[in-house]
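Below: one structure, written as structure tokens.
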Amino acid sequence: MKIYWKYIKPYLPYFILGPLLMLSEVAGEIVLPKLMGTMIDYGIGAESAGLGTSYIISRALIMFGCIALMIIGGIGGHFFSIRASVYFSADLRKGVFEKVQSFSFKNIDNFSTGSLVTRLTNDITQMQNMVRMLLIMAMRSPGMLVGGIIMACRINPELAGVLAVVIPLLAIAIVLLLKTAFPRFGVMQQKLDSLNSGIQENITNVRVIKSFVRQDFETKKFTDANDDLMNSTLRALKIVITTMPVMTLAMNVTTLAVVWLGGNFVVEGSMGVGDLTAFITYITQILMSLMMVSMLFMQLSRALASSSRIKEVLNTSPDLTDDRASEKDRKVTEGKVEFRNVYFKYYDKNGDNILENISFTAEPGRTVGIIGTTGSGKSSLVQLIPRFYDVTKGSVLVDGVDVREYSLKHLRDGVGMVLQKNVLFSGSIEDNLRWGDENATMEEIRAAAEAAQADGFVTSFTDGYDMELGQGGVNVSGGQKQRLCIARALLKKPKILILDDSTSAVDTATEAKIREAFATSLKDSTKIIIAQRITSVIDADEIIVLEEGRIAGIGTHDELMKSCEEYRDIYYSQVDKEKEVQ
């Protein structure tokens, strides 16, 4: 409960008023059967018609007054309970989302994307439903149960002995049902995670699926996941289905026993017809309240399964923090990058090092190329600069300061990065470019686009920079997407620019123009370029050759052609291929 208190506290009056107003309904439910009973015994059964009529009218007026108060209390109770649950879930969803935003890549790797989506939507909805039901039923169900038992015992203690048999049996049945239900609801939510992950992967990669004609395979995979969720849901909901017949059977058997035993008391004259009618109503209320309590606990068991999943997110501590930042306001001013004996692996407790003993310096204003075979650790290396991950051993320095001494905000403000996977967001082209600088003028936006060789194709669109991009930028080509991402990074005017194989989808002539633009628009910035094509880095001030996570060579193109066998192999393999194509 402690973890949710900050989401409850702002709306505490709603959490209090809702249940309190529901008490007026409880009071009415308790009073009305007794009033009806006295109306039957002392009004309808009175010898004097005049006295009976006046008594009936007076009781009826009291009953109408009770009903009016019940209506006011019921509407008010539902109103405040619903507001409390909706506000609580909205703030909780915001809190979980903000927590996810603080996660490092490593934290996110521990949760699948589909699982996080489920937790932010379905799991929090389950929590909202539980809070709403709890606030509505928290006073109503126990109040009806206790009040009904008290009134039944006052009317006829001997007849109320039936409850001493029924209530314990029902309580045992409810506990057994809940004990079975809880783990099943947890499994159901996990199956929903799997389904959401599959749906997201399918929709994101729909073009690949269609190009390989894998619709039938994906449909079967979805059907299997959907059937798996359906079966686990049915298995969990069988408990809910079982609850209703059990409670209904208990209610009918108890009512039958009360009518039979109470009828004998009426015949003997020790109990009035009105009292028997009221007693039967109280018995019904008691059993109905038990049914509501059982349904409340059933909803609670499902919500607890969701709550444990939400708490997993909220209790996860981001492994990248500003705790070591000595000066929170320190900013990147020059862009010098230095690696000192860096070792890195993704999993601390197991797995081999991805990088080993990496040491080099990239001076401001210079261009450093990084090249190597697939899996040599190129992307892993540059992700250590903006602290997407932290080094396992050694240190990465920017402007002579360990990156862990910067706040994450100021460090990443100084780094512009175009990732290997180019990502654009729903919205206009202008909106996407403003990620680099939200206050940029249109002239600055156009200048960045021109430098990235994007202005030409953007202005060819009917809506130009106002053109709406689909999710992920699906309505532009791969090369256009790369150039827009480069323009976005250029608009940021970073002190350090990292291009992670981000020109692979553009032709060599366009790539050359982009590199020329770097020399003018970012002449004082450090440029780090990861590439598969050797022509992309051949003119770099310094080239780093990576081989299986180690530096195989550092130098200019000419120096490496003389001293580095791995570099020569890459060069000649690509040159020979170009000759074959020609």
Side-chain angles (χ1 to χ4, degrees), residues 1-12 14-16 18-19 80-138 177-201 225-226 228-230 232-233 235-237 239-240 295-321:
M1 187 65 183
K2 185 179 179 181
I3 198 169
Y4 297 119
W5 173 245
K6 69 176 181 178
Y7 306 113
I8 295 173
K9 188 177 179 181
Y11 314 109
L12 194 58
Y14 296 153
F15 279 84
I16 295 171
F80 288 116
S81 297
I82 290 171
R83 285 180 79 88
S85 63
V86 170
Y87 287 149
F88 163 78
S89 64
D91 283 6
L92 178 59
R93 189 175 291 109
K94 180 182 176 183
V96 174
F97 183 79
E98 288 175 348
K99 186 72 173 187
V100 173
Q101 292 298 304
S102 72
F103 282 175
S104 67
F105 285 5
K106 186 176 181 181
N107 291 132
I108 293 173
D109 290 343
N110 294 329
F111 299 94
S112 71
T113 305
S115 177
L116 289 173
V117 170
T118 305
R119 293 169 201 242
L120 277 160
T121 53
N122 186 273
D123 284 318
I124 291 180
T125 298
Q126 296 302 326
M127 291 288 291
Q128 176 182 322
N129 292 337
M130 184 272 292
V131 171
R132 177 179 55 81
M133 186 176 287
L134 185 64
L135 293 178
I136 292 173
M137 299 297 181
L177 289 171
L178 292 174
K179 190 175 180 181
T180 308
F182 182 76
R184 294 188 181 185
F185 283 126
V187 171
M188 185 179 75
Q189 295 303 107
Q190 291 173 4
K191 301 297 183 184
L192 186 59
D193 283 350
S194 300
L195 184 68
N196 280 341
S197 295
I199 292 172
Q200 183 186 41
E201 183 179 53
N226 192 41
D228 204 12
L229 173 61
M230 177 188 69
S232 63
T233 302
R235 190 165 178 266
L237 294 181
I239 307 300
V240 180
M295 296 305 296
L296 177 62
F297 277 112
M298 199 66 66
Q299 180 65 45
L300 185 61
S301 67
R302 185 173 184 180
L304 285 174
S306 294
S307 175
S308 64
R309 290 157 50 82
I310 293 168
K311 286 192 287 187
E312 281 180 2
V313 177
L314 293 175
N315 289 331
T316 298
S317 299
D319 64 326
L320 297 181
T321 65

**Study point:** Pairs involving residues 117-138, ordered by first then second residue, that meet salt bridge (charged side-chain N to carboxylate O under 4.0 Å, His left out) (sequence neighbours left out)
**Key:**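 Residue pairs with at least one partner in residues 117-138: Arg119-Glu312, Asp123-Arg309.
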
Point to revise | Set of residues satisfying ring-ring contact (aromatic ring centres under 6.0 Å, His included) with respect to Phe88, sequence neighbours excluded | key: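 ring-ring contact (aromatic ring centres under 6.0 Å, His included) list for Phe88, sorted by chain: empty.
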
**Study point:** All ring-ring contact (aromatic ring centres under 6.0 Å, His included) counterparts of Tyr11, not counting sequence neighbours
**Key:**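 Tyr11: ring-ring contact (aromatic ring centres under 6.0 Å, His included) contacts with Tyr87.
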
Run the side chain to side chain contact (heavy atoms under 4.5 Å, CB included) test against [X] and tell me which residues pass, sequence neighbours left out.
X      : value
Ile108 : Phe103
Asp319 : Ser104, Lys106, Asn107
Met130 : Met127, Leu134, Gln299, Leu300, Ala303

Quick one: list whatever passes side chain to side chain donor-acceptor pair (under 3.5 Å) with [X], sequence neighbours left out.
X      : value
Asn129 : none
Arg93  : none
Ser81  : none
Thr233 : none

Check your understanding: How far apart are the closest heavy atoms of Ser307 and Tyr4, and which atoms are they?
Key ->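 Scanning both residues completely, I find the closest heavy atoms to be OG-OH, 2.6 Å.
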
Practice item. Locate the shortest heavy-atom distance separating Tyr14 from Pro19; write the atom from each residue and the value. Key: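 Of all heavy-atom pairs spanning Tyr14 and Pro19, the closest is O-CD, 4.3 Å.
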
